[in-house]
Structure formats: C-alpha cells, structure tokens
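As the structure lists them, so they are numbered: ligands from 1, and atoms in each ligand from 1. These numbers come from a predicted model, not from an experiment.
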Amino acid sequence: MPLLELDSVTKTFGTLVAVNGVSLRIDSGAIAAMIGPNGAGKSTIFNAITGIYAPTAGRIVFDGKRIDHEPTYRIAASGIARTFQNIRLFSFMSALDNVMVGEHARLRARLWDSLLHTPAQRAEERETRERARELLAFVGLERLSERYARNLPYGSQRHLEIARALASLPKLLLLDEPAAGMNPRERQDLIALIRGIRDRGVTVLLIEHDMGLVMELAERITVLDHGERIAEGAPAEVRRDPRVIEAYLGAPAP
Ligand code: ADP
Ligand code: MG
C-alpha cells in the first residue's frame with residue numbers, strides 16, 4: 001500500500017493553474033523526489049499535502065485516509081512533517097527550544113498540568129528536552145544547542161529545521177529544496193542525513209533543484225513542468241526522457 005497518494009490534484013489561483021491534474025504515489029520507506037523548473041508547481045503540491053491550501057480538485061490519501069480538506073494541525077498529527085523553501089525558524093530561540101516546539105504537537109500535558117507545574121508536567125518537560133537533544137545530535141548540531149537559531153551557519157539552520165520536523169515523529173517528511181544555498185560539505189552531510197532519516201523508518205519526499213543530489217539520493221523521481229506531471233520513474237529513466245531534457249534545457253535546436 002502506498003503511504004501517500006495524489007489522485008488528479010489540481011490547484012488554481014484565480015485563473016492561474018498552478019497544479020494541473022497531478023497524480024503521484026509514494027511507497028512507504030522510499031526516498032522520492034519531485035523536480036521541475038521554477039514555477040512548475042512543486043511547492044504548491046507540498047502546500048496541498050500539508051493542508052495549507054485545499055486542492056481545487058482531486059484527492060489526497062495518506063496512510064489510508066483522505067486528508068485533502070483536513071486542517072493543517074490534523075494532517076500534522078496524522079504523521080506528515082515538512083520544511084520550507086525559505087527557512088522558518090524562531091530566530092531568537094535556541095536551537096534546542098526550536099526542536100522542543102516541534103515536539104509540541106505530541107505533548108500530552110494538559111492545561112492544568114502546565115499551569116500548576118505538576119510533577120507529571122515536569123517529567124514530560126524533561127523527556128521532551130532529552131528527545132530534543134537526541135534529535136540535535138542526530139542532525140549533527142549537539143554542540144550548537146544553546147545558540148540562537150539566527151546565529152547558526154546557514155546549512156546548520158537547514159539541519160535544525162529538519163530536526164524540528166522530525167520532533168513530531170512523522171511517517172512522511174517533506175523537504176522543500178533542503179540543499180539550497182549549502183556548500184559542498186554541508187550538501188554531503190545532508191545526503192547522509194536524509195539516508196539516516198529513511199533508515200529510521202521515515203519516508204522522505206524532497207523537492208530539489210540540485211540534480212546531482214536528486215540522482216544520487218532518490219529512488220523515484222516525479223518531474224513537473226507548468227503544473228503538469230511530465231515524467232515519473234527511476235533516476236536513470238527520467239534522465240534520458242526527452243520531455244525532461246526539453247523542460248530543463250529548452251527545445252533542441254532545429
Ligand atoms: P515551484 O515550487 O515549482 O517553483 P510554486 O508551486 O511555488 O512553484 O508555484 C507554481 C505557480 O503558482 C507559480 O506560477 C506561482 O507564482 C503560483 N503561486 C504559488 N502560490 C501562489 C499563491 N498563493 N497565489 C497565487 N499564485 C501562486
Ligand atoms: Mg518552490
């Protein structure tokens with residue numbers, strides 16, 4: 001059974017058709033990628049999957065349940081986490097606190113517990129902090145845990161966003177251009193990190209411009225152009241698909 005399935009999803013903004021009848025299937029345990037030129041509709045698909053936009057038409061099924069038209073918090077609670085194309089961290093919070101915020105979705109502490117600082121609430125706070133430290137170590141940021149997010153190097157901010165997304169214990173992690181702006185060393189770390197995430201049992205779908213990275217990491221690639229799916233397959237197939245070559249390099253000279 002696929003973990004995520006999009007069936008003819010369309011999203012329009014006024015007269016602009018940003019996504020046009022796109023179908024997509026992500027198997028559990030996969031590392032899959034979505035590529036395509038700027039404006040192809042990739043981020044809009046992430047926004048539809050996470051409930052930021054309801055699709056204009058089509059169905060989205062996650063883990064056996066329809067999630068299109070569900071609110072974002074319920075989709076998050078059902079096991080989908082994401083990062084954004086433009087980093088969104090709490091700048092004046094420590095790296096550790098940023099990850100703890102990500103755990104919030106799962107916290108059991110009741111309102112009374114937090115108001116009264118009951119032992120149960122304090123124990124939960126300790127566990128939350130402990131898990132956040134483990135996640136920071138997993139993404140390679142244990143030594144920077146007390147720094148403000150805004151003072152971290154750019155690549156580390158991207159890793160921190162991933163740690164925060166993982167804190168909600170997702171089944172599916174969506175990464176929107178995670179390698180953007182990274183130096184070669186950070187990029188290598190990212191490849192290892194994404195493989196490590198999958199090895200923990202989390203399915204990964206990434207949007208990426210860096211073709212080398214996509215070819216190295218992804219098992220399945222979906223290619224979008226002008227809101228439509230123009231190709232889907234293993235990296236080697238996609239790379240020699242004439243429609244993909246044309247979308248990236250323009251029409252061949254006559
Ligand atoms: P990609 O991520 O592939 O670069 P996007 O999904 O961000 O592309 O955008 C696809 C198209 O939809 C673009 O033409 C973009 O301008 C448009 N678009 C995206 N979001 C909105 C919005 N909220 N309002 C209007 N147009 C939008
Ligand atoms: Mg985008």
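Partners of Val139 according to the side chain to side chain contact (heavy atoms under 4.5 Å, CB included) rule, which considers only residues two or more places apart in sequence or in another chain, are Leu141, His159, Ala163, Leu193.
Which parts of ligand 1 touch Ala18 is read off a 4.0 Å heavy-atom cut-off, strictly below it: atoms 11 (C), 12 (O). Applying the 4.0 Å criterion to heavy atoms of Tyr53 picks out, from ligand 1, the atoms 20 (N), 22 (C), 23 (N). Below 4.0 Å from some heavy atom of Ala40 lie the following atoms of ligand 1, by number and element: 1 (P), 3 (O), 8 (O). Every atom of ligand 1 is numbered from 1 in the order shown, and the set under 4.0 Å from a heavy atom of Thr44 is 5 (P), 6 (O), 9 (O), 10 (C), 19 (C). Within ligand 1, the atoms closer than 4.0 Å to a non-hydrogen atom of Asn38 are 4 (O), numbered from 1 in the order shown.
Closest protein heavy atom to atom 14 (O) of ligand 1: Leu16 CD2, 3.7 Å. Closest to atom 18 (N) of ligand 1, if we only count protein heavy atoms, is Phe13 CE1, 3.6 Å. Given atom 10 (C) of ligand 1, the protein heavy atom at minimum distance is Gly39 O, 3.4 Å. The closest protein non-hydrogen atom to atom 7 (O) of ligand 1 is Ser43 CB, 3.7 Å. Considering only non-hydrogen protein atoms, atom 8 (O) of ligand 1 sits nearest to Gly41 N, 3.2 Å.
A salt bridge links Arg198 with Glu219: at least one charged nitrogen is closer than 4.0 Å to a carboxylate oxygen. Using a 4.0 Å cut-off between charged side-chain N and carboxylate O, Arg220 and Glu232 make a salt bridge.
In this structure, Val9 and Ile49 have side chains that are not in contact, with every pair of non-hydrogen atoms separated by 4.5 Å or more. Between Ile197 and Arg200, the closest side-chain pair of non-hydrogen atoms is not below 4.5 Å. In this structure, Glu130 and Arg126 have side chains that are not in contact, with every pair of non-hydrogen atoms separated by 4.5 Å or more.
Distance remark: protein heavy atom present below 4.0 angstrom from atom 20 (N) of ligand 1.
The distance from the CZ atom of Arg82 to the CZ atom of Arg88 is 6.5 Å, given to the nearest 0.5 Å.
Taking hydrophobic clusters as Ile, Leu, Val, Met, Phe, Trp and Tyr residues chained together by side-chain heavy-atom distances below 4.5 Å, Met34 shares a cluster with Val22.
Heavy atoms of Asp176 found under 4.0 angstrom from ligand 1: none, in either backbone or side chain.
Taking the ring centre of Phe46 as origin, the terminal cationic atom of Lys42 falls outside the region bounded by 6.0 Å and 45° from the ring axis.
In terms of modelled atom types and a separation under 3.5 Å, the side chain of Arg164 and the main chain of Val101 share no donor-acceptor contact. Looking only at distances, no side-chain donor or acceptor of Thr44 sits under 3.5 Å from a matching main-chain atom of Val19. Here the side chain of Thr72 pairs no donor or acceptor atom with the backbone of Thr50 at under 3.5 angstrom.
Of all protein N/O/S atoms, those lying under 2.8 Å from the Mg ion (ligand 2) come to 2.
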